[in-house]
Structures are given as structure tokens and as C-alpha cells.
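Take a look at the structure set out below.
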Amino acid sequence: LNQVVNEELDRTKLDEIEKYVVLGEPYTKITVEGNDPASVDLPAGYYLIRDVPDSQTGEYDAYTTYITVVVNNYTIKPKSEIPSVDKEVSETANDWRETADHAINEPFQFKLTAKIPQNKHLVDYETYKLVFTDTMSDGVTFDGIASVTREDGSKLEYDCTATVGQKGGQWKLTINNIIPNEGSIENGETITVIYNAHLNENAVVSTTSENSTTATNNNCVELEYSNNPNTSYSGNLGKTIPDHVWVFTYRVDNTKYANVQETGHELAYAGFTLYSDSTPIKLINQGNGQYVVANQSDESGVVTEMMSGSDGKFKIKGLDAGTYTLHETTTPSGYNSCPDVTVTINATHNENEGDESASLDLSKSSNMVNDIVNHSGHSLPSTGGPGTAMLYAVGAALTLLTTLLLGLRRRWEK
């Protein structure tokens with residue numbers, strides 16, 4: 001070693017030495033638990049000090065440089081600080097959460113945040129690689145990368161394996177080197193990836209309160225990172241534990257009956273339109289009384305009226321939380337139209353302790369399951385309608401005729 005290593009410990013020469021080092025039995029081992037100090041007596045000399053990984057692959061860990069010199073008491077930080085990763089979903093623009101609810105086909109975003117803490121050992125890296133591995137549930141469609149930036153807002157080059165329109169599955173976004181030119185990341189760095197997405201027809205829908213671990217449109221991300229500044233081990237990457245988010249969406253179930261709410265009295269071909277405020281909700285007819293919320297900016301292939309099937313049923317799948325009005329727009333012949341139904345979806349959701357499940361509370365909702373009865377016969381016209389005006393006209397004519405007849409009778413009697 002003395003032939004190539006001077007007192008300044010030339011890093012380039014150390015890299016060259018490290019290529020030819022064959023590890024045998026260690027001179028000694030030392031265990032550090034938490035922040036408790038530990039020490040070992042060594043004679044002066046050059047030592048290759050290797051971190052022992054948590055597993056064979058070194059996941060959830062990071063190495064420091066291997067070769068150092070010991071001439072007196074020498075303090076070593078056994079492990080480098082490792083990065084963390086967080087995944088969030090937008091409830092509204094720039095409102096990032098661990099849980100959110102959205103209508104099917106409504107655009108929203110996911111945010112992946114990698115934080116590399118301040119660490120003096122980061123100066124030992126010539127390159128520092130990050131790989132985001134994102135897993136989407138079957139009910140989520142990838143719509144493209146919105147941005148990949150540093151903390152200062154500057155953009156980073158990346159490779160992405162996801163394709164626009166991909167439904168569910170796992171994909172990777174790789175940044176080969178986050179160290180800026182003529183710079184360092186020893187003071188820490190934050191890398192943010194934002195991508196566009198929407199729920200599709202495969203999304204799991206909720207009609208009752210529930211606890212869910214993976215079923216309710218659960219999505220997660222893992223981060224792989226450079227964890228070894230020693231050149232011959234640079235192919236190994238550490239890995240964080242997964243971080244999860246959940247996206248909820250809701251369904252309203254309806255059954256139409258003739259006269260009585262009993263089996264055998266289901267009523268077909270009743271038409272309904274669902275309104276948000278005064279705007280009809282655009283839907284995709286999947287057949288068999290199944291309707292899925294469409295992208296509200298679409299014009300082709302959408303309907304606004306739903307028809308009850310032969311079983312009297314029609315279901316509205318993929319609604320966001322909110323208040324809606326269900327209005328009968330086509331009444332079967334021989335039946336009276338039914339009153340409007342106000343549907344309220346009041347959802348409370350959050351990530352549970354442990355970050356591996358989420359809870360949903362719909363107990364404050366109303367009319368998410370409806371039995372709607374049409375009665376046969378004919379009802380009087382509604383107040384203020386054209387029928388009312390006709391009744392007023394007939395009544396006025398009858399009153400005038402009665403007055404005239406009474407006057408004629410009195411004259412005749414006289």
C-alpha cells in the first residue's frame with residue numbers, strides 16, 4: 001500500500017487498490033447499536049473498513065468508503081444516512097394527501113418525493129443514482145410525466161418505462177446521476193416526480209365504510225439509490241421500504257319498482273338523469289344497467305340518461321364525493337313520475353397507523369342505495385305548470401257561466 005498511497009490518501013489511487021482487494025477473514029468486528037459508541041484497539045496502519053449490510057443485497061442500507069488510515073484515535077460513522085421516499089395523491093390542485101377520492105375518468109396527479117439527507121459521505125460519490133419503482137393498481141391509468149425537478153425547481157433528465165394509457169402495473173423512472181456539474185449533494189437534495197393519472201373502469205368502488213389494505217386502489221413507490229461509493233460495488237443499490245397511497249371512488253345502486261317495493265314488481269325502462277348542481281353527469285353505458293362516469297369534457301360516446309333494466313336496476317359507478325340530484329326523465333307509460341332523490345356522498349378517509357392500510361367512513365352519506373317506486377295512475381299537474389293554467393281557465397269559464405245562468409233565472413222568474 002505504501003507504494004501507491006501517500007499521506008493525503010489519494011482517492012483515485014485508493015479506487016485502484018480496491019479493485020484488487022480480495023476480502024478474507026476480517027481482522028476484527030465491531031458492533032454499533034443505535035447511537036451508542038463502540039471502540040476497538042488497533043495498531044497504526046491502513047485498514048479496509050467495510051459496513052455489514054442488512055441483507056445480501058444491502059437493501060435499506062448504505063456503505064461508507066472502505067479504506068482509511070489509523071494513526072491514533074479515529075472516529076468512524078458506521079453507516080451513511082439513507083434517502084427516504086414519499087408518495088402522495090392530489091385531492092385538488094396542489095393539495096397533496098395520503099388518501100383522496102376522485103370520479104372515474106377525472107384527471108389528478110401523484111407526487112413522488114425522494115429526500116437525500118445532508119451527509120458528509122456523499123462527497124465520496126462520483127455519481128449518485130435514483131430509481132423510482134412505482135406500482136399502480138389495476139384501476140389507475142398512467143397519463144404521462146408532468147415534471148422531474150430538484151428542490152430549486154431545475155429539471156433533471158430521466159428514463160421512464162411507463163407508457164401513456166397503461167392501466168395498472170409496475171414501472172420505473174431512473175435518474176442516472178443527480179449530482180450537478182461541478183457541484184455536490186453533501187448538503188442534501190430533494191427530487192420530486194409528478195405524474196398525471198386517472199381512475200379507469202377497473203377501479204374498486206365503495207358503497208359502504210370499510211378498512212382496506214390493498215383492494216381499494218392502493219398504489220405504492222419504492223426508491224433505489226446509490227449506497228456504495230466504492231467503485232467495484234457501484235452496481236449495488238440500496239432500497240427503501242414502500243410508501244402507499246389510496247384513491248377512493250363511489251357507486252350508487254338503484255332499483256325501480258312498480259307500485260310496491262317487492263320482488264317481482266321490478267319496473268324496466270324508467271329513465272333517470274343524475275345532476276351535479278344543475279349540470280347533468282356524462283356517463284358511459286356499459287350495458288346491463290351499468291353506467292360509469294365519463295370524462296366530463298368528452299362529447300362522443302357518452303349519455304346522460306340511464307334506463308332501468310329488466311330487473312329494475314341501474315348502477316352509477318365512479319362518483320366523487322359530493323351532492324347529486326337523481327331526476328326521473330322518462331316515466332313508463334301508465335305510471336306517475338317519482339319525486340327527485342338527493343344523493344349525498346360524505347366520505348372521510350385517512351391512512352391508518354403503520355402506513356399499510358387506509359380507512360373509509362361513509363356513515364354520514366345518504367341515498368347511496370335507493371329503492372324507487374312508481375305508482376300507476378295519473379296525478380294532478382304540478383303547481384305552476386301548464387295544466388294549472390288550464391284548470392284556472394276552465395274554472396273561470398264555469399264561474400262566469402254560473403253567474404250568467406243565475407242572472408237569467410232571476411230575470412225569467414221576475
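The chain is numbered in sequence order, starting from 1.
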Applying side-chain hydrogen bond (donor to acceptor under 3.5 Å, both in side chains) as the test, list every pair that has at least one member in residues 279-292; sequence neighbours left out.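 Pairs touching residues 279-292 that pass the test: Lys282-Glu299.
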Expected output: side-chain [X] to main-chain [Y] donor-acceptor under 3.5 Å:
X: Ser184; Y: Glu186; answer: yes
X: Glu328; Y: Cys338; answer: yes
X: Asn177; Y: Ile179; answer: yes
X: Thr273; Y: Pro280; answer: no
X: His102; Y: Ser90; answer: yes
X: Ser308; Y: Leu267; answer: yes

Any chance you could measure [X], atom [atom1], to [Y], atom [atom2], to the nearest 0.5 Å?
X: Lys313; Y: Glu266; atom1: NZ; atom2: CD; result: 7.0 Å
X: Asp371; Y: Asn254; atom1: CG; atom2: CG; result: 9.0 Å
X: Thr99; Y: His244; atom1: OG1; atom2: NE2; result: 14.0 Å

Return the orientation label for the Phe314 and Phe272 ring planes: parallel under 30°, perpendicular over 60°, tilted otherwise.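 If you compare the ring of Phe314 with that of Phe272, the planes turn out parallel.
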Look at the rings of Tyr125 and Tyr128 and say which category their plane angle falls in: under 30° parallel, 30 to 60° tilted, over 60° perpendicular.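 The arrangement is perpendicular - the two ring planes meet at more than 60°.
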Under a 4.0 Å threshold between the charged nitrogen and the carboxylate oxygen, would Lys87 count as salt-bridged to Asp134?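 Counted as a salt bridge, because a side-chain N and a carboxylate O are separated by less than 4.0 Å.
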Check each of Phe142, Trp246, Tyr195, Trp171 against Phe110 using the ring-ring contact (aromatic ring centres under 6.0 Å, His included) test, and report the only one that passes.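 Single pass found, and it is Tyr195.
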We want to know whether [X] and [Y] form a side-chain donor-acceptor pair, criterion being a heavy-atom distance below 3.5 angstrom.
X: Asn346; Y: Thr344; result: no
X: Thr141; Y: Asn200; result: yes
X: Asn259; Y: His265; result: no
X: Thr133; Y: Lys172; result: yes

Is there side-chain contact between Pro180 and Ile185, with heavy atoms separated by less than 4.5 Å?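 They are in side-chain contact.
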Decide yes or no for Leu237 and Ser226: does some side-chain heavy atom of the first lie under 4.5 Å from some side-chain heavy atom of the second?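 Touching, per the 4.5 Å side-chain cut-off.
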For the student: nearest non-hydrogen atoms of [X] and [Y], plus distance:
X: Met136; Y: Gln166; answer: CE-O, 3.8 Å
X: Pro83; Y: Pro117; answer: CA-CD, 4.0 Å
X: Asp138; Y: Asn202; answer: O-CB, 3.6 Å
X: Leu223; Y: Ser84; answer: CD2-O, 4.0 Å

Member of Val131, Asp159, Ile145 meeting the side chain to side chain contact (heavy atoms under 4.5 Å, CB included) criterion with Leu173: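 Only one option passes, and that is Ile145.
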